[in-house]
Amino acid sequence: MSVQIAPSILSASFTELGRDIAAVERGGADLIHVDVMDGHFVPNITIGPPVVQAIERVATRPLDVHLMIEHPERYVDAFIQAGAQMLSVHVEAARHLHRTIAFIKSRGIRAGAVLNPSTPVAALEEIAGDLDFVVVMSVNPGFGGQTFIPRSLDKLRRVRELLARIGSAAPIEVDGGIDGSNAADAVAAGASILVAGHAIFANGDPEAATRALRAAVNSAAGSHA
Ligand code: DX5
Ligand code: ZN
């Protein structure tokens with residue numbers, strides 16, 4: 001399965017979002033990952049539908065919108081209307097997860113469920129077959145620039161096993177602390193969508209950093225061949 005790079009604009013310049021999105025697109029980004037935080041589900045507040053709509057006007061890649069909010073069912077339609085093409089909700093926040101996933105899919109976009117680091121893979125057991133993608137958090141959500149939790153690799157393998165067991169080809173996205181040192185390990189463990197914020201935007205050259213992240217994955221794949 002080819003690997004998709006999804007730069008998280010959480011670490012981009014919020015006054016220069018158009019410039020930074022264009023840079024990662026030149027660098028080969030496949031998706032634009034947009035982190036929505038409400039100050040309740042996570043201890044940080046970011047952006048809402050109007051900003052997603054503005055991003056949608058300048059981005060040429062699909063928007064992968066990650067909702068870290070309570071009561072996501074109240075807001076999913078607003079984010080779909082704003083231009084999300086992938087929309088993920090946390091299993092810890094969605095009380096009627098099946099209903100919310102079914103609604104997102106009924107609107108013609110891809111629906112994903114996200115697991116916090118402390119949430120067991122078993123939480124996906126009854127919903128996995130309905131998902132278009134799964135997101136494994138490899139940090140506790142709320143902030144960019146945190147350190148990858150090593151146990152996430154084993155979790156990726158167990159999510160991959162669960163999906164294989166039910167015959168699902170849904171891709172697995174890994175989110176948090178991804179950089180050139182662990183990206184290839186995450187792919188080997190089952191991830192095929194890599195979210196990266198700090199690793200892409202912190203060094204001031206997001207175009208080159210996007211290329212470098214893909215190169216790190218490709219060179220490891222070559223050395224294993
Ligand atoms: C964390 C967010 C992540 C984060 C990733 O709450 O969901 O998408 O921005 O950023 P890095 O790669 O810096 O961990
Ligand atoms: Zn995210």
Side-chain angles (χ1 to χ4, degrees), residues 3-14 17 20-21 23-24 27 29-48 51-52 55 59 61-70 72 75-76 79 84-94 110-119 133-153 155-156 171-187 191-206 209-210 212-214 216-217:
V3 174
Q4 295 194 299
I5 308 280
S8 161
I9 58 151
L10 187 60
S11 294
S13 166
F14 274 24
L17 275 179
D20 281 0
I21 288 169
V24 297
D30 300 284
L31 304 166
I32 303 298
H33 184 84
V34 182
D35 287 306
V36 175
M37 306 183 186
D38 68 350
H40 293 276
F41 180 67
V42 290
N44 196 4
I45 301 175
T46 57
I47 60 169
V51 178
V52 173
I55 294 168
R61 305 289 192 275
L63 302 188
D64 167 34
V65 178
H66 173 193
L67 296 185
M68 287 160 276
I69 63 176
E70 300 282 3
Y75 303 99
V76 284
F79 285 100
Q85 281 152 288
M86 297 169 67
L87 192 55
S88 59
V89 297
H90 273 259
V91 303
E92 305 86 5
R110 297 169 71 197
V114 193
L115 297 178
N116 270 339
S118 67
T119 302
F133 63 106
V134 173
V135 186
V136 172
M137 290 307 302
S138 40
V139 299
N140 288 291
F143 302 94
Q146 302 182 81
T147 302
F148 182 83
I149 299 171
R151 201 168 47 236
S152 310
L153 292 175
K155 193 169 190 179
L156 287 167
I172 305 172
E173 177 171 325
V174 62
D175 186 3
I178 292 291
D179 60 23
S181 74
N182 54 31
D185 291 340
V187 170
S192 62
I193 303 172
L194 303 177
V195 176
H198 187 81
I200 297 286
F201 291 103
N203 78 352
D205 188 346
T210 305
L213 189 59
R214 190 178 302 283
V217 173

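Only a predicted model underlies this, so the values are computations on that prediction, with no experimental measurement involved. In what follows, residues are counted from 1 in the order of the sequence shown. We count ligands from 1, going down the list as the structure has it; atoms in each ligand are counted the same way.
In this structure, Asn203 and Pro206 approach most closely via the heavy-atom pair OD1-N, 4.4 Å. Of all the heavy atoms in Leu156 and Ala186, the pair that sits closest is CD1-O, 3.8 Å. Heavy-atom minimum distance, Leu63 versus Ile55: CD2-CG2, 3.8 Å. Shortest non-hydrogen contact noted between Val91 and Ala113 is CG1-CB, 3.9 Å. When all heavy atoms of Asn44 and Met37 are compared, the pair lying nearest together is O-CB, 3.2 Å.
With contacts defined as side-chain heavy-atom distances shorter than 4.5 Å, the pair Phe41/Pro72 does not qualify.
Residue-level proximity to ligand 1 for Ser8 is carried by the side chain, the only part with a heavy atom below 4.0 angstrom.
Every N/O-N/O distance between Val139 and ligand 1 stays at or above 3.5 Å. Considering both main-chain and side-chain atoms, His198 comes within under 3.5 Å of ligand 1 through a nitrogen or oxygen pair. Ligand 1 has no nitrogen or oxygen under 3.5 angstrom from a nitrogen or oxygen of Asn140. In terms of polar-atom proximity, Gly176 is not counted as a contact of ligand 1, lacking any N or O under 3.5 Å from an N or O of the ligand.
Counting only N and O atoms by type, the side chains of His33 and Asp35 include a donor and acceptor under 3.5 Å apart.
Ligand 1 places these atoms under 4.0 Å from at least one heavy atom of Met37: 6 (O). Interface atoms of ligand 1 facing Ala196, defined by a heavy-atom separation under 4.0 Å, are 12 (O). Listed by atom number, the atoms of ligand 1 under 4.0 Å from Met68 heavy atoms are 6 (O), 7 (O). Of all atoms in ligand 1, numbered sequentially from 1 with element shown, those under 4.0 Å from a heavy atom of His66 are 7 (O). Heavy-atom proximity to His33, at under 4.0 Å, picks out these atoms of ligand 1: 8 (O). Atoms of ligand 1 lying under 4.0 Å from any heavy atom of Pro141, numbered from 1 in the order shown and given with element: 6 (O). Near Val195, with a cut-off below 4.0 Å to any heavy atom, the atoms of ligand 1 are 8 (O). Each of the atoms 7 (O) of ligand 1 lies under 4.0 Å from some heavy atom of Met137.
Checking side-chain atoms of Ser138 against main-chain N and O of Gly176 turns up a donor-acceptor pair under 3.5 Å. With hydrogens and angles disregarded, a donor-acceptor distance shorter than 3.5 Å links the side chain of Arg214 to the backbone of Val3. Counting only distance, with no hydrogens or angles, the side chain of Arg110 and the backbone of Gln85 share no donor-acceptor pair below 3.5 Å.
The closest approach between a heavy atom of Gly145 and any atom of ligand 1 is below 4.0 Å.
With Glu173 as the partner, the side chain to side chain contact (heavy atoms under 4.5 Å, CB included) test is satisfied by one option alone out of Met137, Gln4, Met86: Met86. Residue Thr119 forms a side-chain hydrogen bond (donor to acceptor under 3.5 Å, both in side chains) with just one option from Lys155, His90, Glu92, and that option is Glu92.
Scanning the protein for heavy atoms near atom 10 (O) of ligand 1, the closest one is Gly197 N, 3.7 Å. In terms of protein heavy-atom proximity, atom 14 (O) of ligand 1 is closest to Gly177 N, 2.8 Å. Counting only heavy atoms of the protein, atom 1 (C) of ligand 1 lies nearest to Phe143 O, 3.6 Å. The shortest contact between atom 5 (C) of ligand 1 and any protein heavy atom is with Asp175 OD1, 3.5 Å. Atom 6 (O) of ligand 1 has Gly142 N, 2.7 Å as its closest protein atom, hydrogens excluded (heavy atom only).
Vertex the Zn ion (ligand 2), arms ending at ND1 of His66 and OD1 of Asp35: the angle is 90° after rounding to 10 degrees. Geometry note: the Zn ion (ligand 2) is the vertex, His33 NE2 and Asp175 OD2 are the arms, and the angle is 100° (rounded to 10 degrees).
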Kindly indicate, with the supporting measurements, whether the criterion side-chain hydrogen bond (donor to acceptor under 3.5 Å, both in side chains) is fulfilled by Ser118 and Asn116.
CA-CA 6 Å; Ser118 67; Asn116 270 339; 5.7 Å; no
